Visitor: 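First the structure, which I've put down as structure tokens, then a few questions once you've had a look.
Every value quoted in this text rests on a predicted model; they were computed, and no experiment measured them. By convention in this document, chain letters (A, B, ...) are assigned in the order of the sequence lines, proteins followed by strands, and residues within each chain are numbered from 1.
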Number of protein chains: 2
Amino acid sequence: MATVTIRDVAREAKVSPGTVSRAMNDSPLVSEATRQRILEVVKTLNYSPNLTARKLSLGKTLTISVVLPFLTRPAYTERLNGVIATLNSSHYDLTIHAVQSPDQRDVIFQDVIHHKRSDGVLIISLPSKDSEVEFLSNAEIPIILIDAFHPELNMLDQVFIDDIEGGKMATRHLIEHGHKKIGYIGDIFDTPFRFSSSRDRYRGYRLALKDADIPFFDEYYAEDEHGRLEARHLALKMLNSNHPPTAIFAYSDTTAWGVMEAAQELGVKIPEDLSLIGFDDIELAEYLKLTTIHQPLFDSGQRGMELLLDKLESPQKNAVQEKQNIQLIIRQTTAPPK
Amino acid sequence: MATVTIRDVAREAKVSPGTVSRAMNDSPLVSEATRQRILEVVKTLNYSPNLTARKLSLGKTLTISVVLPFLTRPAYTERLNGVIATLNSSHYDLTIHAVQSPDQRDVIFQDVIHHKRSDGVLIISLPSKDSEVEFLSNAEIPIILIDAFHPELNMLDQVFIDDIEGGKMATRHLIEHGHKKIGYIGDIFDTPFRFSSSRDRYRGYRLALKDADIPFFDEYYAEDEHGRLEARHLALKMLNSNHPPTAIFAYSDTTAWGVMEAAQELGVKIPEDLSLIGFDDIELAEYLKLTTIHQPLFDSGQRGMELLLDKLESPQKNAVQEKQNIQLIIRQTTAPPK
DNA sequence: CGGTTTAATTAAACCGATTTAATTATACGG
DNA sequence: CCGTATAATTAAATCGGTTTAATTAAACCG
């Protein structure tokens, strides 16, 4: 079962390897007659070109790298699905680099971008450090940032939402219902992964409070690693305090889910005793009847990949920073306070 | 910014390219002095070897392919996570081939296995057709099947659960509560993707009924594409029929979720009016307090990847078929009938 | 009919590494 | 001091394609 090479085909078809190559790549420099003969031989020998050799010769990797956090949140999976769906029609391979720990993050960043493993890179939900700006902007291959906005990286294509605006939007909705005691439960700000959306949504929250002249109290802010259970703990504590909030803005739908569990545990009724708003609008949100801020997850992956493919086609094109729309989805977890 | 090649390093260090190669690959055939000198130059020139050239030269792709369905179910994502986590420590790249349509399935199977794009393949949740047995068993690279058991492919490593036993286990639990009118809601049997677990769980269900001398009625079986909404429709219909079941075995937790929605809609109380058992034990199941059959999802991916890495190390090793344990998790959706 | 295009094909260089075979330098033993 | 074993290095072949430059063959034209 020795592997068949282009030279075997050439010999059999009584032509040179170059001609075989051209025949297979639809070059107009081959006569129809020989092309047919060659394709015939290709079929009988069951020849298929060695991709590695092809890549080396072409000077391309025909590969796209995706760097994203370990798939622990539905939001990541959805974005990845958007990426995959869009790539599927092209001839590129997709290699994933899922970041599981902060050290890994840095290694992977360096590795993927520097070592020319791929023709282009998509970075999802992993914001860049300021110290990385230079090295990212000098990369020789196109890099697209999805949900990882950085203002100084405007030479890169970016797809993002305005988390500050989203935070405002959510908080305003609660305020409009008449709430004044509004808690925020979010992710750790200073995570080594550099996730920044919790910080931004919190900023929006504070801005909305300020706009409405509602004072902020420290006990209305709580943070921990992302997760349902973590959020449940934080919510239990906040709801059990002396001055429990009448509404909570949860950083994500998963966070909100944890809050709902806590409320249930304490016999706090939603939305009667507590209004709750989440963020993302994952599938679960509908089932939970959770009021939330919708952001396009699948679309962001799709759009990012489209931009990358564009860039690979025409590298000279200017980078675009594309802000995607977000939207308040009112369901049944928000109401005026009693 | 011309790319630095091994020849540049060689010239700068006043040695031949071969020596540079050896120095970088820790060959003992280089004196310590020259190795140091070379590594010095490597650093100043910021050289990193071209992976494609390396692969071609080594005759390896240093890549592992994962073929799996589009990530529409938490179970797929979990398995993939297991794969990723295990691979991460190795030096292989991971390329994903997510199957979105039946035609794609076949193309990808052929492509991935035949074209030597990778050193090994993991196939997840995509059972093989009988017509593929030969071509899979003749593959030149190792293939591992995860959740895609096929009895005739015993020359391949396989990681699987006994879905028939699982189906029995679930059904027996309902029977032990005293149920006799037990419905089954599952996936379409004859899906072009060849998913087979619904069929097997259904078989287990029938066997358990038979063992307990409980007659089966056609109206207690319903199938549709997998999904919460689809399951909801099926359940609505089944629960609204003249002889509604007192218990339902749902093919998956997601399916069970749909059934719960339907029950809620109809005012059918769980577990008082209807017992419900699911399958998989995804994160959501705990929240739903759903009684279910637990299967190791993350672990299956992990184990599959371990087996693959083993096989790549020592190809002569015998293939193993590894059955993983499943387990009844009793929560709050099952009870005796009224 | 000879010179010039044009079309089709071949030969050879190239992509950038690894590795085998050949070569040089060094050490060692009698 | 010479032959030989050993260590270190170089030169060249190789992996399997693509592509440029060179060559041949056929067509065209005045």
Visitor: Report the distance from atom NE2 of A:His97 to atom CD1 of B:Ile84, rounding to the nearest 0.5 Å.
Guide: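 Separation between the atoms: 10.5 Å.
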Visitor: Reckon A:Val20 touches a base, only the sugar-phosphate, or nothing at all at heavy-atom distances under 4.0 Å?
Guide: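 Since no nucleic acid heavy atom lies under 4.0 Å of A:Val20, the category is nothing.
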Visitor: If you apply the rule side chain to side chain contact (heavy atoms under 4.5 Å, CB included), what do you find for B:Asp130 with B:His150, and how did you get there?
Guide: CA-CA 9 Å; B:Asp130 290 341; B:His150 194 298; 2.9 Å; yes
Visitor: Between A:Asn25 and B:Glu32, just flag the one whose closest nucleotide in DNA chain D comes earlier from the 5' side.
Guide: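 By nearest-heavy-atom nucleotide position, the 5'-most residue is B:Glu32.
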Visitor: So what does A:Leu58 touch, heavy atoms closer than 4.0 Å: a base, only the sugar-phosphate, or nothing?
Guide: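 Here A:Leu58 touches the backbone only, sparing every base.
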Visitor: Hey, is the side chain of A:Ser21 poking within less than 4.0 Å of OP1 or OP2 on D:dG17, counting only N and O atoms?
Guide: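 Indeed not, no polar side-chain atom of A:Ser21 lies that close.
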Visitor: Between C:dT10 and A:Ser16, is there an OP1 or OP2 to side-chain N/O distance shorter than 4.0 Å?
Guide: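 So the side-chain polar atoms of A:Ser16 do come within 4.0 Å of the phosphate oxygens OP1 or OP2 of C:dT10, strictly under.
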Visitor: Could you tell me the separation between the CD1 atom of A:Ile38 and the C1' atom of C:dA8, rounded to a whole number of Å?
Guide: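 That distance rounds to 11 Å.
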Visitor: Could you give me the CA-CA distance, side-chain angles and deciding distance for B:Asp106 and B:Lys129, then say whether salt bridge (Lys or Arg N to Asp or Glu O under 4.0 Å) is met?
Guide: CA-CA 10 Å; B:Asp106 297 352; B:Lys129 307 178 187 175; 3.1 Å; yes
Visitor: Whether the B:Gln36 and B:Glu40 side chains hold a donor-acceptor pair (N or O, under 3.5 Å, no angle test) is what I'd like checked.
Guide: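 Distance-only check fails for B:Gln36 and B:Glu40.
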Visitor: May I ask you to say what B:Ser31 touches in the nucleic acid, namely base, sugar-phosphate or nothing, with a heavy-atom cut-off under 4.0 Å?
Guide: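 B:Ser31: backbone/sugar contact only, no base atoms under 4.0 Å.
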Visitor: What's A:Thr52 touching, base or sugar-phosphate or nothing? Going by heavy atoms closer than 4.0 Å.
Guide: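 Nothing, no nucleic acid heavy atom in range.
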Visitor: Of the nucleotides C:dT18, D:dT9, D:dC15, which one has an atom closest to the side chain of B:Ile6?
Guide: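 Within the option list, the nearest is C:dT18.
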Visitor: Searching all strands shown, indicate the nucleotide that pairs with D:dG17 (Watson-Crick or G-U wobble; both distances under 3.5 Å).
Guide: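 C:dC14 is the nucleotide pairing with D:dG17.
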Visitor: Could you work out which one of C:dT10, D:dT9, D:dG16 sits closest to the side chain of A:Val15?
Guide: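 The nucleotide sitting nearest to the side chain is C:dT10.
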Visitor: Write down the distance between NZ (A:Lys55) and C1' (D:dC15), rounded to a whole number of angstrom.
Guide: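 Checked: the NZ to C1' distance equals 15 Å.
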Visitor: Whole angstroms only, please: what is the CG-P distance between B:Leu56 and C:dG16?
Guide: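 Those two atoms, CG and P, are 12 Å apart.
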Visitor: Could you please name the option among D:dG17, C:dC15, C:dT18 that lies closest to any side-chain atom of A:Arg7?
Guide: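 Nearest to the side chain of A:Arg7 among the choices is D:dG17.
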Visitor: Between B:Asn50 and C:dC15, does any side-chain N or O lie under 4.0 Å from OP1 or OP2?
Guide: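 False: B:Asn50 side-chain N/O out of range (4.0 Å or more) of C:dC15 OP1/OP2.
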Visitor: Does a nitrogen or oxygen in the side chain of A:Arg54 sit under 4.0 Å from OP1 or OP2 of D:dG16?
Guide: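 No, because none of the side-chain N or O atoms of A:Arg54 sits under 4.0 Å from OP1 or OP2 of D:dG16.
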Visitor: Would you kindly give the CG-to-C1' distance between A:Leu29 and D:dA26, to the nearest whole Å?
Guide: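 So the CG-C1' distance, A:Leu29 to D:dA26, works out to 16 Å.
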Visitor: For A:Gly59, which contact category applies under a 4.0 Å heavy-atom criterion: base, sugar-phosphate, or nothing?
Guide: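 The residue A:Gly59 makes no contact with any strand.
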Visitor: So what does A:Lys60 touch, heavy atoms closer than 4.0 Å: a base, only the sugar-phosphate, or nothing?
Guide: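 A:Lys60: no heavy atom of the nucleic acid under 4.0 Å.
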Visitor: Considering only side-chain heavy atoms of A:Tyr47, which listed nucleotide, C:dT9, C:dT18, D:dG17, is closest?
Guide: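 Shortest atom-to-atom distance from the side chain points to D:dG17.
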Visitor: Would you mind reading off the distance between A:Asp8 atom CG and D:dG16 atom P, rounded to a whole angstrom?
Guide: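 The answer, rounded to whole Å, is 9 Å.
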Visitor: Take atom CG of B:Leu62 and atom P of C:dT18, then tell me their distance rounded to the nearest Å.
Guide: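 Going from CG in B:Leu62 over to P in C:dT18 covers 11 Å.
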Visitor: Looking only at side-chain atoms of A:Thr19, point me to the closest of C:dT10, C:dT18, D:dT10.
Guide: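 Given the options C:dT10, C:dT18, D:dT10, the side chain of A:Thr19 is closest to C:dT10.
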Visitor: In a check of side chain to side chain contact (heavy atoms under 4.5 Å, CB included) between A:Gln321 and each of A:Asn154, A:Leu156, A:Asp157, which one passes?
Guide: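 Testing A:Gln321 for a side chain to side chain contact (heavy atoms under 4.5 Å, CB included) against A:Asn154, A:Leu156, A:Asp157 leaves exactly one candidate, A:Asn154.
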Visitor: Between C:dT9 atom C1' and A:Arg11 atom CZ, what is the distance in whole Å?
Guide: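 Taking atom C1' of C:dT9 as the reference, CZ of A:Arg11 is at 18 Å.
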Visitor: B:Lys55 versus B:Thr63: any side-chain heavy-atom pair under 4.5 Å?
Guide: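 They are in contact (side-chain heavy atoms under 4.5 Å apart), so the answer is yes.
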Visitor: Does the C:dT20 base have a donor-acceptor partner in the side chain of B:Arg22 within less than 3.5 Å?
Guide: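 Per atom types, the contact qualifies.
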Visitor: Establish whether the base of D:dG16 is bridged to the side chain of A:Thr5 by a donor-acceptor pair shorter than 3.5 Å.
Guide: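 A donor-acceptor contact between them is absent.
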